[in-house]
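Here is the structure we will look at, set down as structure tokens.
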Number of protein chains: 2
Amino acid sequence: MKDYKGQDVHKLGKCLHSKCSLCPVSALTEWTNLNDASNNILQSARQTSTYQPGSTIFHQNDAPLGVYCLMNGLVILKQMDVHGIETAFRLLFPGQTCGWRSLFGEHPHQASALVLEASTVCFIPLNDIENMLLEDPSLSRRFLKTIARDPGPANAVVLRNPPLAVRTRLTHLLLILSEQCMSKSIDGDLCYHLPIQRKHIASLIGTSVETVSRTIKELEDDSVVFFDRKKVLIPSIEKLRREVE
Amino acid sequence: MKDYKGQDVHKLGKCLHSKCSLCPVSALTEWTNLNDASNNILQSARQTSTYQPGSTIFHQNDAPLGVYCLMNGLVILKQMDVHGIETAFRLLFPGQTCGWRSLFGEHPHQASALVLEASTVCFIPLNDIENMLLEDPSLSRRFLKTIARDPGPANAVVLRNPPLAVRTRLTHLLLILSEQCMSKSIDGDLCYHLPIQRKHIASLIGTSVETVSRTIKELEDDSVVFFDRKKVLIPSIEKLRREVE
DNA sequence: CGTACCGTTGAGGTGAGTCAAAGTAAGTGG
DNA sequence: CCACTTACTTTGACTCACCTCAACGGTACG
């Protein structure tokens, strides 16, 4: 799992992208193989800015202004419903985009994008997206793919399913995160850094912090996963998978 | 709420579409204002078939073959997860399309489309969709809008939210259905025909049939809604809305 | 008039929510 | 460096919404 420079391949592939040194967004799904015209638009249009933890990239009910592309850091998408319950439905990792649903749906943002770790974000304004879509018809096809594959709704079926026990939902979340948090294996055990707090876990799987805490303890008692603060250690990935079934 | 022919405008607009007599699919969002070339493709490509209740239009894990467009009838989209729990996440009413998520996402169907009422369905094969997208770039923009506005994921936030009480989720479902089931008002009261069984309600809001039954009774005790078999009577829509908040 | 499916009702057990309080880590200022 | 504040996490006690199992009433259909 190491490349020729000794770097973690997984990390490089999943989170930083090999071409990011040239253009941070060029290696992402939506922007690969753009023709020259739309590539020029992209390069001149994109505005890079940094956000501190706790700040918000866009707010629920705001009008969509463009597409946001996360270069590094971590962002959580959360929705506040009429009951005042905060529902987090998506974590945004480097190399992923957000803001397109309300843009293409032509309605206000239905979620807020809250920054969890200091983040660098590329913003591509609405007008330039429009122009790029005109210059390069294949771009819309790639956006279609992105939206169709949106992990938010897909994961919700198992992460936020009332009849499923909290234990099942939590296990599933840990499994999903293990694939996105550049986990590395230490003599058989899978180990990764949990990028979020307990309250975010609770919000993602639709439960309370207290129950998250208790369920974690329960999983430790059964030797399924071990938590050390924000370190997650999985002795056997197969055992974790069996939990889900 | 009556148009010049005395017909129910709501019914006409929401469910049957004025142009359906000419071409059943031409008035739908995705197919409006197609240019001549792609319109020709559509007219020659679409295959109309009828389905009986209990039959399945496509199965989970099938490869996507094209887009399905419901002319009349009723279809439910349900997903079977690894735990064997059937999760219904979407009702398909006449004038709505399905099958595009897996098609554009380039992965197998993640749900089955089960026919609840005898249905007439137009099928447009993948190849023809491709050709239409090439002939008319604006079509992809309309599909982007459709996917971005997919009510399935949008409704899930409130219909399938573990911390929300069953009562709240059920109320919300009744509210959503009242807008889609051509409800008519009889001297102040809102009344409509519930197109689904108790087990489908249970599946849509993630609970058991028994609890659905009990919660319905509870709502009747509080005079929020009244059920007579599959007739739903809402004395006050405002009272129902207050329930949700 | 039976069979099958759908819907309702009852009883009992429990997972998980709420409230409250203590423990732990992290950051701040003197 | 140490008190101090603040935010995060854990633990305990209690309550209840909802699930499960089981039986029963209704309705449709042959």
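Order of the sequence lines fixes the chain letters, A, B, ..., with proteins taken first and strands second; residue numbering starts at 1 for each chain. Keep in mind it's a predicted model, so treat the numbers as computed, not measured.
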Check: [Y] main-chain N/O paired with [X] side-chain donor or acceptor under 3.5 Å:
X        : Y        : answer
A:Asp150 : A:Gly152 : yes
A:Tyr192 : A:Leu174 : yes
B:Ser119 : B:Glu117 : yes
B:Ser203 : B:Ala88  : yes
B:Gln96  : B:Phe93  : yes

Test side chain to side chain donor-acceptor pair (under 3.5 Å) applied to B:His59 and B:Ser112, step by step: CA-CA 4 Å; B:His59 289 87; B:Ser112 300; 5.9 Å; no

Partners passing side-chain contact (heavy atoms from CB on, under 4.5 Å) against [X] (at least two apart in sequence or in another chain):
X        : value
B:Val158 : A:His83, B:Leu164, B:His172
A:Gln52  : A:Ala118
B:Pro151 : B:Arg90, B:Asn155

Shortest non-hydrogen separation from B:Gln110 to B:Gln79 and the atoms involved: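 Distance-wise, the nearest heavy atoms are O-CG, 3.1 Å.
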
Heavy-atom pair of closest approach, residues A:Pro163 and B:Gly206: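 Minimum heavy-atom contact is CD-O, 3.5 Å.
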
Within residues 191-200 of chain A, residues whose heavy atoms come under 4.0 Å of DNA chain D: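 The stretch gives A:Gln197, A:Arg198, A:Lys199 as the residues lying under 4.0 Å from the strand, ordered by number.
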
Passing candidate, side chain to side chain contact (heavy atoms under 4.5 Å, CB included) with B:Leu170, options B:Leu175, B:Leu204, B:Ile201: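 Going through B:Leu175, B:Leu204, B:Ile201 one by one, the side chain to side chain contact (heavy atoms under 4.5 Å, CB included) with B:Leu170 is satisfied by B:Ile201 alone.
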
Axial bend angle, the helix from C:dC1-D:dG30 to C:dG30-D:dC1: five-pair end segments, nearest 10°: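 Computed angle between terminal axes is 40°.
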
From CG (B:Leu70) to CG (B:Asn72), nearest 0.5 Å: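 Answer for the CG-CG pair, B:Leu70 versus B:Asn72, is 7.0 Å.
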
All pairs passing salt bridge (Lys or Arg N to Asp or Glu O under 4.0 Å) where residues 56-84 of chain A contributes a residue, at least two apart: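 The answer is A:Lys78-A:Glu86.
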
Chain B contact limits on DNA chain D, taken 5' to 3' with a cut-off of 4.0 angstrom to heavy atoms: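 That gives a stretch of D:dC18 to D:dA22.
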
Proximity to DNA chain C (any heavy atom under 4.0 Å), residues of residues 156-176 of chain B only: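 Under 4.0 Å from DNA chain C: no residue of residues 156-176 of chain B.
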
Residue-level proximity of residues 207-218 of chain A to DNA chain C when a heavy atom falls under 4.0 Å: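 Nucleic-acid contacts, sorted: A:Thr207, A:Ser208, A:Glu210, A:Thr211, A:Arg214.
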
Inter- and intrachain pairs under side chain to side chain donor-acceptor pair (under 3.5 Å), touching residues 210-221 of chain A, at least two apart: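 For residues 210-221 of chain A: A:Arg167-A:Glu218, A:Ser208-A:Thr211.
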
Salt bridge (Lys or Arg N to Asp or Glu O under 4.0 Å) partners of B:Arg160, counting only residues at least two apart: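 For B:Arg160 there are no salt bridge (Lys or Arg N to Asp or Glu O under 4.0 Å) partners, ignoring immediate neighbours.
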
Outermost DNA chain C nucleotides near chain B [under 4.0 Å, heavy atoms]: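 Listed 5' to 3', the contact boundaries are C:dC6 to C:dA11.
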
Short side-chain donor-acceptor distance under 3.5 Å, B:Ser102 and B:His109: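 There is such a pair between these side chains.
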
